[in-house]
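This report concerns only the one structure given below.
Computed over heavy atoms, backbone and side chain alike; hydrogens, waters and symmetry mates excluded.
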Amino acid sequence: MKTEVQLSQLLHEQLQRFWGYSEFREDQEAIITSVINGKDALALLPTGGGKSLCYQLPAIILEGTCLVISPLLALIKDQVDALENLGIEAEFLSSELDDGEVEAVFNRCIEGFTKVLYVSPERLKNQEFLRRIPEINISFIAVDEAHCISEWGQDFRPSYQNIKFFREEFKKVPMLALTAT
């Protein structure tokens, strides 16, 4: 187990190595540290405040694959491309992929190559996904655009309600919910 000072040093080293930044933005380090320490967290950051770093950085440090639940395929593809450009193995599952491509994604995750796996909230009801996901060592679950969970907000997306049922199967896996102001 690393001391707080050792962990902070490691986080700063990885921040500089992959993203080229020498300092975190407000609250990022505390959120990342919470995730690395296995605690659930809710991150409310300003738009452009670096939400994605709050799950991407711990994903590369922790053993296993971070499962990111995100609502927009275009955003998912952008995130995967950006991570791959940084040299970080990232994948996504969507209906655009054929069975062979889906199998390849699962295999890379199971073998421990993939650090970040993106899925839409609708994927949490897919039977093949539910059958295969226990084979993957999930380091933590990140819910992007977590405000969509609200049943009362204008952005309500019913599939986000599936997260609570999915989480029942992964009670011991830390969860990070992220949203912007």
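- Residues in residues 105-128 take part in no ring pair (Phe, Tyr, Trp, His ring centres under 6.0 Å) pair, two or more places apart or across chains.
- The two residues Leu15 and Leu57 make their nearest non-hydrogen contact at N-CD1, 4.4 Å.
- Here the straight-line distance linking atom CD of Glu63 with atom CD1 of Ile138 works out to 12.5 Å at 0.5 Å rounding.
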Under 3.5 Å donor-acceptor pairs involving side-chain atoms of residues 86-97, not counting sequence neighbours:
| unit_1 | atom_1 | unit_2 | atom_2 | d |
| --- | --- | --- | --- | --- |
| Glu91 | OE1 | Arg108 | NH2 | 3.0 |
| Glu91 | OE2 | Arg108 | NE | 2.4 |
| Glu91 | OE2 | Arg108 | NH2 | 3.1 |
| Ser94 | OG | Glu96 | N | 3.1 |
| Glu96 | OE1 | Lys77 | NZ | 2.7 |
| Glu96 | OE2 | Lys77 | NZ | 3.0 |

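- Listed by chain and number, the residues in a salt bridge (Lys or Arg N to Asp or Glu O under 4.0 Å) with Asp27 amount to none (sequence neighbours excluded).
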Q: Decide yes or no on side-chain contact (heavy atoms from CB on, under 4.5 Å) for Leu11 and Ile32, but give the supporting numbers first.
A: CA-CA 9 Å; Leu11 293 177; Ile32 292 166; 3.7 Å; yes

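- The 12-atom threshold is exceeded at CD of Glu13, counting heavy atoms of other residues, nucleotides or ligands nearer than 6.0 Å.
- The side-chain hydrogen bond (donor to acceptor under 3.5 Å, both in side chains) search around Lys39 returns none, not counting sequence neighbours.
- Under the side-chain hydrogen bond (donor to acceptor under 3.5 Å, both in side chains) criterion, Lys171 pairs with Glu168, not counting sequence neighbours.
- Screening residues 12-41 for ring pair (Phe, Tyr, Trp, His ring centres under 6.0 Å), with sequence neighbours left out, gives His12-Phe24.
- Both Ile110 and Val102 belong to a single network of hydrophobic side chains, linked directly or stepwise wherever heavy atoms of I, L, V, M, F, W or Y lie under 4.5 Å apart.
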Q. So Ile141 and Ile163, side-chain contact (heavy atoms from CB on, under 4.5 Å) or not? Walk me through it.
A. CA-CA 10 Å; Ile141 300 167; Ile163 295 170; 5.9 Å; no

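- Heavy atoms from other residues, nucleotides or ligands lying under 6.0 Å from CG of Asn85 number more than 12.
- Within the 4.5 Å cutoff, the side chain of Leu45 has heavy atoms near those of the Ile31 side chain.
- At least one side-chain heavy atom of Gln79 sits less than 4.5 Å from a side-chain heavy atom of Ser52.
- The closest side-chain heavy-atom distance from Ile36 to Leu62 is below 4.5 Å.
- Summarising the geometry of Met175 relative to Asp40, their closest heavy-atom pair is N-OD1, 2.8 Å, with the distance given to 0.1 Å.
- Across all their heavy atoms, Ala59 and Phe140 have their closest contact at N-CE2, 3.8 Å.
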Q: Assess whether side-chain contact (heavy atoms from CB on, under 4.5 Å) is satisfied between Val143 and Leu176, documenting all intermediate values.
A: CA-CA 6 Å; Val143 180; Leu176 171 62; over 6 Å; no

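- Leu178 and Cys54 get closest at one heavy-atom pair: CD2-CB, 3.9 Å.
- Note that CD of Gln14 is 4.5 Å distant from CD1 of Ile60, once rounded to the nearest 0.5 Å.
- Applying the ring pair (Phe, Tyr, Trp, His ring centres under 6.0 Å) test to pairs two or more places apart or on separate chains, none has a residue in residues 29-57.
- Between the side chain of Gln28 and the backbone N or O of Gly50 there is at least one donor-acceptor pair closer than 3.5 Å.
- Separation of atoms NZ (Lys125) and CG (Leu130) is listed at 8.0 Å; rounding is to 0.5 Å.
- Side-chain contact between Val119 and Leu67 is present, with at least one heavy-atom pair separated by less than 4.5 Å.
- Between the side chain of Thr3 and the main chain of Gln6, a donor-acceptor pair closer than 3.5 Å is present.
- Within 6.0 Å of the CD atom in Gln16, the count of heavy atoms belonging to other residues, nucleotides or ligands exceeds 12.
- Remark: the backbone N or O of Cys109 is not paired with any side-chain donor or acceptor of Lys115 at under 3.5 angstrom.
- Scanning for side-chain hydrogen bond (donor to acceptor under 3.5 Å, both in side chains) contacts around Glu29 gives Ser8, with sequence neighbours left out.
- Listed by chain and residue number, nothing satisfies the salt bridge (Lys or Arg N to Asp or Glu O under 4.0 Å) test with Glu23 (two or more places apart in sequence, or in another chain).
- To the nearest 0.5 Å, atom OG of residue Ser120 and atom CD1 of residue Ile76 are 6.0 Å apart.
- Rounded to the nearest 0.5 angstrom, Leu53 CG and Lys51 NZ are separated by 12.5 Å.
- Residues that satisfy the salt bridge (Lys or Arg N to Asp or Glu O under 4.0 Å) test with Glu135, not counting sequence neighbours, are Arg132.
- For CD of Glu111, the number of neighbouring non-hydrogen atoms (other residues, nucleotides, ligands) closer than 6.0 Å is greater than 12.
- At a threshold of 4.5 Å between non-hydrogen side-chain atoms, the residues Phe129 and Phe166 count as touching.
- Taking Arg25 as the reference, nothing meets the side-chain hydrogen bond (donor to acceptor under 3.5 Å, both in side chains) condition, with sequence neighbours excluded.
- Ile69 and Phe165 end up in different hydrophobic clusters when Ile, Leu, Val, Met, Phe, Trp and Tyr side chains are linked at under 4.5 Å.
- Considering every non-hydrogen atom in both Pro121 and Ser70, the closest pair reads CD-O, 3.5 Å.
- Every salt bridge (Lys or Arg N to Asp or Glu O under 4.0 Å) that Glu128 has, sequence neighbours left out, goes to Arg131.
- Using a 4.5 Å heavy-atom threshold, the side chains of Thr65 and Ser139 count as separate.
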